[in-house]
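Right, one structure below, let's go through it.
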Amino acid sequence: MVTLTALLVLPGAIVGIAAQLPLRLAVATSIPVSFGIAAIASYVYGRIDVPWTLAGYAVVTAVTTAVVGVVGLLITGVGWIRRRRRRRRRAARPATSRSRRRKRTRGRSRAARANAGRPADPAGRAAARAGRRSWWWLLPGTAVLVSAWLIGQMIITELSAMPGGTANVFQGWDAHWHANYIRFIHDEGLASPDHAGALRYPENSATLYYPSTWHAIAALVMALRGIGAVETYNLVQIGSVALVFPLGVAALAWLITHRRFSRPVVATSAAVAAVATALFPGLPFMEVMVAATPSAVANGLAGLGAAVVVAAVADRRLIPAAALGLVGIGGVHPSGMVTVAVIVLFWWLFDALWRPVRGRLRDFLVLAGVGLAGVLTLLPQILTVSAEADDISAFEFEINADRAATWGKAAALQVRHVEDFGVRWVLLSLAALGVIVMLRRLVLWPILLWGGLLVVCVNAMGHFGNWTGGTLRALGSVFYNDPRRIGVVMAVVVAAAVGVGVGAFVQVLAGWLGRLIDPITDPDGRGVAGLRVAVALAALVGTGSWVIQTSPEYAVAAGSNQRWGRLVDGHDLAAFRWLSEQPRAYSGQIYTNPDEGSGWMYATDGLPSTSRHYLAPGDTAPLTSSLFMTLDQAGVNPAVDAALAELGVTYVYISPPNYWGFQKPNPHLLELDATPGLVKVYNDSQVRIFAVRAAFSDAELAQILDDSPFPPHARAPLTLESEIPE
């Protein structure tokens, strides 16, 4: 966790300081900025054949710091010139204007002297306090750290109890690809997202663009810690989601409150929202359980990305952080960049357009400039995603429920996996309190944002039967039209609303209690200020206690579910180790069935399997795909032998059953014992390993059989509970 945090915080914070941001803002905005640096660096290094390393990350950080520093100086210089010109224009005004101003000033001074003996008004005290340095930012900052520690510690505790501990192999599909990608970047030094085909299609390295920013950072953790790809995946997955979700939810709560509420309400709302994140099973925990890690990290950061973009409208020093943060979030996963854009769009349409920050045109130009910078930087990815839009939109996650039920499920956040824990009525009630608070202050855009997401989620559960359904389907395609992924963004909004409701309520309570304090005995309002801090801390302690009592149940699902031998068990791990020590194991390819998940052998031992992704390669890798239905003809069909030779296949690894029920058993892979072109060399439980006869000499085959702990002439164990060799 410490290594990951350093890699995600230090580069972005250094760039923020170069942009002349205060240290607290530089640190707060650092994670998406660091991802932005990694996204740009990995792509550029892939173009010029420079390996991705820690040194390369440091070099790009230094270059980015220099560029941002120069831009910051230019912005500062332009501002200084404008202020100087304004002073000159004021000095050049006619003497009559100056005399009028002096008269008005003398009038105000006489009025001030006349009121000198009267008690100071509350508004005056508030204005005086506004000029003092505030420490309220410590509250949400501390809450984010505490929440991240709680989430990470709970999940790691459960994971550590599993076989293999933190190196336990996840028994699911998404992790299969992500762990392999981390291993690939670490071994090959190739983190460019448009070179992912070298991993996905070992047959021909066909072109494939896959967002690699998160994997690139994870590969650096793997190198620095000296641990395996599987353990790296587990730890970086847990650490990254534990960090970004509280941070993103707190930032969204700030975005909702910062223009219409007092500083104590803003700070308390953000802090409570950060801690309350762990009360939502659909935010950090279920995303760990299903291993949709890049999507989770990007959308978890979306609230922070939107807040920085909006804050850049008022503070131009934040423009570099906003642009780089948008690039970083999009580099982790494109859906996160879309989520940022949607949040900012709703804020601008339903708030800033009617109450501009610096003027409608200026606000629009800043927002458009930041968005354009992000889009142009990630243009190759955007074009690729557009080209694959048909494939992405083909995903179906409809449920068997009537229309009323889908509305109820979506509103209650009862999407896949989350519904296993039931409706969290208390959380929804607190969110409703937040909605009431927002309505009272006419902060409407978060409510409208939630409503828009609700409609898209309902359509994903069951498509509307008219043109509306098609339009909503296109909008939801960036989330694969998956109600669970859309539900993540909805839960982020609801968690922020919980923070707003609790934060506003406890600070109103503090205000009521403050009226009991005699203004004569407390002229500076220190008692009221102390009450505000006290109720904020009480709210945090109460929320944290709730997390400690409730969230371990969710952590069990995240750390234990999908952790038993559904894909890879002890027999597979032992077979991987044995195979890694055999001749020609790394000089060619090992044919595996993608339906069985045996491609984990690349992540665990670096074995060059033909299937390093959970989906079959299809027409993109024709030779690999053809063997799926013809491998039992090896040694008989010259076309099959030619395909094996061209691919360089040296071993065939079979380990049924298939993962999904709809994946039918394949007799062309399950019935290979009598295949003339293959020699069975390993026969343990469900694992069968064959050597390709043409790839070895007779002496080599004899040696492999002698080294086999489970040779084919020995009786195979009848159950999966047979003893596993050390």
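Nothing fancy with the numbering, it's 1 onward along the sequence.
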Residues which pass ring pair (Phe, Tyr, Trp, His ring centres under 6.0 Å) with [X], listed by chain and number, not counting sequence neighbours:
| X | result |
| --- | --- |
| His613 | Trp177 |
| Tyr45 | none |
| His186 | none |

Write down the atom of [X], the atom of [Y], and the distance for their closest heavy-atom approach.
| X | Y | value |
| --- | --- | --- |
| Val649 | Tyr651 | CG1-O, 3.4 Å |
| Phe245 | Leu283 | CE1-O, 3.5 Å |
| Glu596 | Pro657 | CG-O, 4.0 Å |
| Leu644 | Ala634 | CD1-CB, 3.9 Å |

Does a side-chain heavy-atom distance below 4.5 Å link [X] with [Y]?
| X | Y | value |
| --- | --- | --- |
| Thr339 | Phe479 | yes |
| Leu573 | Thr604 | yes |
| Leu235 | Leu4 | no |
| Val415 | Val418 | yes |
| Leu631 | Thr675 | no |
| Pro583 | Ile704 | yes |
| Pro193 | Ser42 | yes |
| Leu224 | Leu7 | yes |

Check Leu669, Leu678, Asn683 against Arg688 for a side-chain contact (heavy atoms from CB on, under 4.5 Å) and give me the one that passes. Asn683
Is the shortest side-chain N to carboxylate O distance from Glu287 to Arg484 below 4.0 Å? yes
Do the charged groups of Asp595 and Lys664 touch, with an N to O distance under 4.0 Å? no
Do the side chain of [X] and the main chain of [Y] share a donor and acceptor less than 3.5 angstrom apart?
| X | Y | value |
| --- | --- | --- |
| Asn593 | Ile654 | no |
| Ser205 | Gly197 | no |
| Asp605 | Leu607 | no |
| Glu203 | Thr624 | yes |
| Gln237 | Val288 | yes |
| Arg183 | Ala603 | yes |
| Ser708 | Val681 | yes |
| Asn299 | Val489 | no |
| Ser477 | Tyr480 | no |
| Glu700 | Ser697 | yes |

Classify the ring geometry of [X] against [Y]: parallel below 30°, tilted from 30° to 60°, perpendicular beyond 60°.
| X | Y | answer |
| --- | --- | --- |
| Phe170 | Tyr233 | perpendicular |
| Tyr43 | Tyr209 | tilted |
| His215 | Tyr181 | tilted |

Taking it one step at a time, do Gln171 and Asn561 satisfy side-chain hydrogen bond (donor to acceptor under 3.5 Å, both in side chains)? CA-CA 9 Å; Gln171 306 296 316; Asn561 288 5; over 6 Å; no
Decide if the gap between the ring center of [X] and the ring center of [Y] is smaller than 6.0 angstrom.
| X | Y | answer |
| --- | --- | --- |
| Tyr591 | Tyr653 | no |
| Phe184 | Tyr602 | no |
| Tyr57 | Trp52 | yes |

Could you walk me through whether Arg563 and Asn234 pass side-chain hydrogen bond (donor to acceptor under 3.5 Å, both in side chains), step by step? CA-CA 11 Å; Arg563 291 289 175 182; Asn234 287 333; 3.1 Å; yes
Flag if over 12 foreign heavy atoms under 6.0 Å of CG, Asp698: no
Exceeds 12 heavy-atom contacts within 6.0 angstrom, atom CZ of Arg225: no
Candidate pair Glu231 and Thr166, rule side-chain hydrogen bond (donor to acceptor under 3.5 Å, both in side chains), full reasoning: CA-CA 5 Å; Glu231 187 173 11; Thr166 55; 2.7 Å; yes
Looking just at side-chain N and O atoms, do Arg47 and Ser192 make a donor-acceptor pair shorter than 3.5 Å? no
Carefully, step by step, assess Ser240 and Trp214 under the rule side-chain hydrogen bond (donor to acceptor under 3.5 Å, both in side chains). CA-CA 9 Å; Ser240 55; Trp214 180 83; 3.2 Å; yes
